[in-house]
Visitor: 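Here it is, the structure in full.
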Amino acid sequence: MSIWDKVIFELIFWFSMFVKNVFRRRVESLFSKLSVEGVEATVLVNPYNGFYFTGFDCAMVTILVRALEPVVIVPRLEYLRAKRETVYGEVIGVNSYEVELGPYERVFIGKTWDLVKNILNEYGVRGKIGVDRANLKVDEYNKLVKTLGEKLVDITKDVASLRSIKSEEELKAIKKAIEIAEEAMRKASNCLEKGVTEEEVAIEIDKIFRLNHADRSFNTIVAFGENAAYPHAKPGKRELKEGDLVIVDLGARIYGYCSDMTRTFIYGRASEKQSRIFNAVLEAQRAAIESIKSGEKAANVDRAAREVLKKHGLTAYFNHGLGHGVGLEIHEQPTLNPASKDTLLSGMVVTVEPGVYLESYGGVRIEDMVLVMEGSCEILTSFERVFF
Ligand SMILES: [Mn+2]
């Protein structure tokens, strides 16, 4: 792509991603799909939920009222940024104590829940109010009940399932996040030299994110040797040695959307035991991916992987779920584990990440992102999996 193609691509991307209509349609879609009848407004406290409906990523509360413009409530210090970045909705700042305000500020002095109550009254909301309750601490929820009365309904799941099905624009963003993650993975694999530390590799990975105008979607994991036995290892001063298993788990976030992928390298010659574990994990991942299609139970996909590991006598060493949805949040709906009640649906993006971890020895995890489709799935991550 020439530089101009790139510029044009970016412009088209931003235009399609951040037009008001995209967000307006999401709000409409939420109200038409709510599992409880008679909900007139929502009070969303999860900032990712806020972003999904307004385009602003740091709201304290996002109020949605059917067929009306959303209200984005932010701490006073975020007011200017929110005014600039909110695509759909009007912004009000809030400050808990009396202060002198600038002429351009629209800031409520007082308690956030009182402001929420005022806005709902102004909008004439009389019916039920949906709340993404799972994101509220118990004492905050109690305060909200005190302020608004007993007409609150939990809509956490409704919003989560709406967000779990990705639109074309969202898929574009996720694919961009994957492209950057794969560049970082390439960099990491090139950094693996004798004596390099986990921290040094992590720095190089994070640098690739920055150079691509992206963030990391979670703390980068680089684990050498025995440290690879911890699924969420923190990169430290451990130096790379001949024969180490190396787990690199990374993800970029761009335009709000995350990627997530893991590769396991073997530095030097793989031992017989290492390749046996590696091949079992790879086989488990393939079996799981092959079982993915719209309508499939997430628990069954997890089982497909677990059955392969069982055949190899390794189930006991797989100490986490098989995967999770990825989008605005690094972990979102659906959940892929033996206890999951979720059903995979066309348009969901999920990770498939079986792992085997042996104490004081190391571990193997291979993680890819997959788009659920009718009758099958598409693997979105393309980085090679086998390195020995
Ligand atoms: Mn993951």
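We count ligands from 1, going down the list as the structure has it; atoms in each ligand are counted the same way.
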Visitor: Answer yes if the side chains of Tyr48 and Arg163 hold a donor-acceptor pair under 3.5 Å, and no otherwise.
Guide: no

Visitor: Which atom, counting only N, O or S, brings Asp260 closest to the Mn ion (ligand 1)?
Guide: OD2

Visitor: Test of geometry: compute the angle NE2(His324)-the Mn ion (ligand 1)-OE2(Glu353) and round it to 10°.
Guide: 80°

Visitor: Looking at Leu314, Val308, Val364, which hits side chain to side chain contact (heavy atoms under 4.5 Å, CB included) with Val281?
Guide: Val364

Visitor: Would you call the rings of His320 and Phe318 parallel, tilted or perpendicular, where under 30° means parallel and over 60° means perpendicular?
Guide: perpendicular

Visitor: Is the gap between the ring centers of His331 and Phe218 under 6.0 Å?
Guide: no

Visitor: So which N/O/S atom does Glu367 have closest to the Mn ion (ligand 1)?
Guide: OE2

